[in-house]
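So the structure is just underneath, and the comments pick up after that.
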Amino acid sequence: MSSIENRPAGSVAEPQGFLPKPCTAAWAALIGLALFTYRLGAYGSGRLLMGAALCLTLLKGQLVVDYFMGLRSVRPFWRIAMAAYLIVVGGVIAVAYLSA
Amino acid sequence: MKTASSAQPLPGDFAIWVFIFAELLVFGVLFSAYALSRMSNAGLFDASQATLNRSYGLVNTLTLVTSSYFVARATRAIRHGRSAACGRWLGGALALGALFLAVKLLEFHDDFSRGITLSTNLFYMFYLSLTFFHFMHVVLGMVILGFVAYRTYAGAYDANRYTGVETGASYWHMVDLVWIILFALIYVLH
């Protein structure tokens with residue numbers, strides 16, 4: 001059981017300052033990628049376009065895992081487990097769409 | 001490269017991560033079921049998907065991603081002992097969560113007005129089921145965040161005690177993560 005109650009103040013190894021740059025940059029990237037993914041869907045169909053949209057989706061998922069959930073700075077196992085989840089789900093979707 | 005000794009503890013209570021992985025597994029099965037069902041009904045799925053108003057999906061994506069960012073900022077604020085700022089970020093996240101629900105209800109209203117139901121066809125069955133299932137997770141996430149915000153304003157968290165904030169935040173980020181995949185699957189990929 002992980003417990004960080006009574007963890008010493010300031011023990012979190014994050015950049016100091018008002019703006020957490022990686023987190024804000026991740027948010028900006030997520031907004032940009034969401035708009036781009038939306039445009040890809042509106043642009044047309046085709047395996048290349050849909051493959052790109054799916055890859056962008058998996059990238060967005062990993063950004064959430066790394067910078068919002070904060071798994072980038074914990075034991076690699078958890079980050080790998082999340083990445084594996086995204087790859088497996090993305091892989092099933094890709095195979096299903098390619099076989100349709 | 002990070003080493004095991006420099007790694008931080010898993011954010012929040014470990015139990016929430018068991019719950020998060022269980023939820024992700026359920027959503028993963030549902031996403032796979034949608035994709036596999038489309039294999040033999042691609043024409044039907046694409047034609048039905050084209051009737052959706054994709055702008056609703058985009059607005060809700062931008063809303064939920066920003067809400068998740070606000071929660072990340074709230075977590076950072078409390079780690080540095082800024083409980084008032086944490087409360088404000090959580091309040092903003094809750095407001096965006098409410099906006100997400102309002103947009104989704106508007107979309108459901110439009111769908112039902114057009115006579116779309118669970119039994120209309122296979123695509124709409126998945127579309128309504130998946131989005132409503134996620135809708136209920138947003139509601140649960142807002143209840144959790146609301147409780148965390150209340151406890152923050154009550155002074156329960158500070159720079160030394162913030163497991164509760166991280167626990168609620170982790171769940172909310174999972175809700176965001178699931179929506180990102182759902183948005184692509186339901187509104188974009190065809």
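Below, read A as the first sequence line, B as the second, and so on, with proteins coming before strands; counting in each chain starts at 1. No hydrogens, no waters, no symmetry mates; every other heavy atom, side chains included, goes into these values. Here the structure is a predicted model, which is why all the values come from computation and not from measurement.
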Same apolar cluster: [X] and [Y], side chain cutoff 4.5 Å:
X: F19(B); Y: I144(B); answer: yes
X: Y153(B); Y: W89(B); answer: no
X: L25(B); Y: L185(B); answer: no
X: V143(B); Y: I16(B); answer: no
X: V26(B); Y: Y127(B); answer: yes

Checking [X] against chain B: side chain, backbone, both or neither under 4.5 Å from a heavy atom?
X: A42(A); result: both
X: L63(A); result: neither
X: V88(A); result: neither
X: L54(A); result: both

Heavy atoms only, distances under 4.5 angstrom: which of [options] has the most pairs with chain A? Name it, please.
options: I181(B), V65(B), T75(B); value: V65(B)
options: D158(B), L58(B), V71(B), L177(B); value: L58(B)
options: T61(B), L36(B), D176(B), L62(B); value: L62(B)

Smallest separation among heavy atoms of [X] and [Y], with atom names:
X: A72(B); Y: F68(A); value: CB-CD1, 4.1 Å
X: V74(A); Y: P11(B); value: CG1-CD, 3.8 Å
X: S99(A); Y: M39(B); value: CB-CE, 3.6 Å
X: T57(A); Y: A184(B); value: OG1-CB, 3.2 Å
X: Y85(A); Y: G28(B); value: OH-N, 3.4 Å
X: V188(B); Y: M50(A); value: O-SD, 3.8 Å

Contact check, side chains of V92(A) and Y34(B), non-hydrogen atoms, under 4.5 Å: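 In short, these two side chains do not touch, never coming nearer than 4.5 Å.
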Part of [X] within contact of chain A (heavy atom distance under 4.5 Å):
X: A169(B); value: neither
X: W172(B); value: neither
X: S55(B); value: both
X: F21(B); value: side chain
X: I20(B); value: side chain
X: Y187(B); value: neither
X: S40(B); value: neither

Just how far is it from atom [atom1] of [X] to atom [atom2] of [Y], taken to the nearest 0.5 Å?
X: I180(B); Y: L56(A); atom1: CD1; atom2: CG; answer: 11.5 Å
X: L30(A); Y: L64(B); atom1: CG; atom2: CG; answer: 11.0 Å
X: Y69(B); Y: I31(A); atom1: OH; atom2: CD1; answer: 10.5 Å
X: R38(B); Y: I93(A); atom1: CZ; atom2: CD1; answer: 11.0 Å

Heavy-atom neighbours of F133(B) CZ exceed 12 at 6.0 Å: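 It does: F133(B) CZ has more than 12 such atoms within range.
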Leading residue by heavy atom contact count with chain B [cutoff under 4.5 Å; candidates V89(A), L40(A), L71(A)]: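 Of the options given, most contacts go to L71(A).
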